[in-house]
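Note that this is a predicted model, so its numbers are computed, not measured. The chains referred to below are lettered A, B, ... by the order of the sequence lines, with proteins before strands, and numbering in each begins at 1.
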Amino acid sequence: MSLNLLIAGFGGQGVLFMGKVAAYTAMVEDKYVSWLPSYGPEMRGGTANCSVCIDDKEIGCPLISEPETLVVLNRPSYDKYVNAVLPGGHIFIDSTLIDVTCERKDIHVHYVPCTQMAQDSGMKQLANVVMLGNVLKETGFTTFDVLCKAMEQCVPPKKKDLLEPNLKALKLGYEYQG
Amino acid sequence: MGQKYLMKGNEAIAEAAIRAGCKHFFGYPITPQTEVAAYMAKQMPKIGGTYLQAESEVAAINMVLGAAAAGVRAMTSSSSPGISLKTEGISYIAGSDLPCVIINVMRGSPGLGGIQPSQADYWQATRALGHGDFQVIVFAPSSVQEIVDLLGKAFDLAEKYRMPAMMLADGMLGQMMEPVEFPETEPKMAEKPWAVTGHNNERPHNIINSLYLTPSDLEEIVVNRFKRYDEVKKNEVMYEAYQAEDAEFGVVAYGATARVVKSAVNQAREKGIKVGLLRPITVWPFPEKEVAAFGNQVKKLLCVEMSMGQMIDDVKLAVNGSCPVEFYGRTGGVVPSPAEVLKAIEEMAK
Amino acid sequence: MAIVFQKTKELTDKPTHYCPGCTHGIIHRLVAETIDELGVGGKTIGIAPVGCAVMAYDYFSCDMVQAAHGRAPAVATGVKRARPDNVVFTYQGDGDLAAIGTAETVHSATRGENITIIFVNNAIYGMTGGQMAPTSLPGQVTQTTPYGRDVSYSGFPVRVCEMLSTLSGVAFAERVAVNNPANVRKAKAAIKKAFTAQIEKKGFSIVEILSTCPTNWGLTPVNALNWLEENMIPYYPLGNFVDKTKEGVR
């Protein structure tokens, strides 16, 4: 199973962290992986995005311009990338923040109110993680167990108390029926 | 090999250098290489090493000169505009026959340019890292693991041939994370009887110097240095051939661009185009013979770079007219997509 | 026969290339005597500048590195950080230290880099044939100020010791001159104090030495000594500017 994932949103929405957790699933499963962030001044308050490639073979270009799986966490990112998704691919839309109906018929469209869901569960900061849980559910790029192990590796020992809510958020997204 | 880590290229550069026995790092902040310095700042105190933030790139490279003269493994790191500032010091280091490692995480230029990935410093790295007749061994890794594999070698060869070595990376390699394993072998430091360590009244004084006012003296020094460069050319060329064996069309690309090309080559093969890639891993010394042989094998060559076309000069020199050499490039920080490169391959194969 | 005078072993036998009457020779000797008297020749590493003293690496008996123009303090920093127990000094002129190398000078000082700088100020670029230096005096005629240094146009001379004395990393800064025997003795004492401060790891030390350039000043050696006394000392007052050699800078 390979993954070709582009995540895009505002700086501060946890775009890079979300990509990092996805990338770590490949570490758990000993696969090839690359994680490439956008960088520079745009990281502060502007748009942020992150490309994650996972494969059984060596990764060629780590920069994704035509994603198989796209996650958009704000409207500008939706507008910028919606037409780049490969036919047969997936788009995940944070429907709390993006009020839009996707017209494309050749891709799987998932509306996930992850911001609202996170807020309702008292995990305001974890909308990104909720979304990641749902990406896994719909694409099956790995198993839930592996994703939880990846999360364990991404939460630093100093912030161990954050692990449990993160796992809870993953589960919330994973169990969400759109 | 031991544990696998998911690491940014910039962090891997720093960790690999430390594992290669580099305990002296002198830097100055510039995007997109700053994580190298940040990692060094964090780790060096733990191992009794030196991380020093210099007042300028100029000072940083001269601190490297001093530390290298004193016999230790020393390194500095920067991105394109900062490397321009270092060129004075690099020329002095080369002229003083000192070993060191310099990292260039290339970004768009000229001038302040941009901060996105670029390969527009190829000419500078292979032709003109300062004034004068000299060369620097230049490695062009294309993955985070390769950075790690080459960094220890860079120090080893710098010491063996007493010359600077450069790791020519780019913003994409510096910023991306990939799994890496670090070699578990202990670094082998060269004997340095020439170093300024204090003579302890046991030997004549050592002098580290690049000044020779008598032209015939300077000529002799430079000519002898070029004899060493010939040895480097003979012994240290590195390259990768990808899908090249039965190729009728060839692509030459290095660094991060070569990864994009690999994706495009795979797609072209699926379409039935017999195309292969030759990827120089050392760009100085350039794999001249290998590119020449590739040129003889294929009908056409395509050079792909993140610049307006710089390595293509070396490709053309190597093939020496034996086959047409075409070019596809993006510059200013734009990374070519596999689809664009595929199109260029299809054009070539028409 | 009793030996009443001999050359210090910390200078080599190589004849220097300095012009007749130039006081670089005196300063070399003072530095070398200091190294000898402190017994640190075996562990001293000197950094030669670009300028008249470019070939100082041939004259001092200790290990030497020749640096790019103005970069000696950065090179010294690299050497010292690699070998903190060695004694590291730079020997620099005014163009090297106070023009092209100002950043390296100021920052090695403010870092409290544990090195010693011997700063030879003769108010002119000697090696290149007598151009305006950052320390050339107002009205001073040089090849590039043929009508005299006009401060309204070329700006004012830099007083290095005064400038550096504002920095917390400086353990010792003193200005001396070598225009007469009494001043030469004071210069020696200052140099020794500066080296001692380094050996005791007290911080950055600098000795600014007013020196002559008879050739480019267009004066006889004796008149050059007088010119220094009458023109340079009033603008560059002799004396100590910082002395934290007891307590250190940290």
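Summarising the geometry, atom CG belonging to B/Leu52 is positioned 5.0 Å from atom CZ belonging to C/Arg111; distances are rounded to the nearest 0.5 Å. In this structure, CG in B/Asn209 is found 4.0 Å from OH in C/Tyr57, a value given to the nearest 0.5 Å. In this structure, CG in B/Asn62 is found 10.0 Å from OG1 in C/Thr77, a value given to the nearest 0.5 Å. Separating the CZ atom in C/Arg83 from the NE2 atom in B/His24 is a distance of 9.5 Å, to the nearest 0.5 Å. Rounding to the nearest 0.5 angstrom, the gap separating the OG1 atom in B/Thr50 from the NZ atom in C/Lys80 is 12.5 Å. Remark: C/Arg81 CZ to B/Tyr51 OH distance equals 11.5 Å, nearest 0.5 Å.
Within 6.0 Å of CD in B/Glu191 there are 12 or fewer heavy atoms belonging to other residues, nucleotides or ligands. Applying the 6.0 Å contact sphere to CZ of B/Phe155 captures more than 12 heavy atoms from other residues, nucleotides or ligands. Within 6.0 Å of CD in C/Glu200 there are more than 12 heavy atoms belonging to other residues, nucleotides or ligands.
Proximity to chain C (any heavy atom under 4.5 Å) is restricted, for B/Ala195, to the backbone atoms N, CA, C and O. With a threshold of 4.5 angstrom between heavy atoms, B/Ala69 approaches chain C through side-chain atoms but not through N, CA, C or O. For B/Val64, no part sits under 4.5 Å from any heavy atom of chain C, backbone or side chain. Only the backbone of C/Ala67 comes within less than 4.5 Å of a heavy atom in chain B; its side chain stays farther off. Proximity to chain C (any heavy atom under 4.5 Å) is shown, for B/Thr197, by both the backbone and the side chain. Neither the backbone nor the side chain of C/Thr110 comes within contact range of chain B, judged by heavy atoms closer than 4.5 Å.
Counting all heavy atoms, side chain and backbone alike, C/Met55 lies closest to B/Leu211 at CG-CD2, 4.0 Å. Looking at every heavy atom in both residues, C/Ala74 comes nearest to B/Ala59 through CB-O, 3.6 Å.
Formation of a donor-acceptor pair under 3.5 Å by the B/His205 side chain with backbone atoms of C/Phe60 is found in this model. For B/His199 (side chain) and C/Lys43 (main-chain N/O), no donor-acceptor pair under 3.5 Å exists by modelled atom type.
Side chains of B/Val58 and C/Glu104 form a contact here, defined as non-hydrogen atoms less than 4.5 Å apart. By the 4.5 Å heavy-atom criterion applied to side chains, B/Glu55 and C/Thr105 are not counted as neighbours.
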Applying side-chain contact (heavy atoms from CB on, under 4.5 Å) to B/Ile208 and C/Gln66, what does each step give before you reach the verdict?
CA-CA 6 Å; B/Ile208 302 294; C/Gln66 201 290 311; over 6 Å; no

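The greatest number of non-hydrogen atom pairs below 4.5 Å with chain C, out of B/Ile207, B/Leu65, B/Ile61, B/Val72, is found for B/Ile207. Contacts with chain B were tallied for C/Ala48, C/Gly42, C/Pro73; C/Gly42 has the most, counting heavy-atom pairs under 4.5 Å. Between chain B and the options C/Gly46, C/Ala103, C/Cys62, heavy-atom pairs under 4.5 Å are most frequent for C/Cys62.
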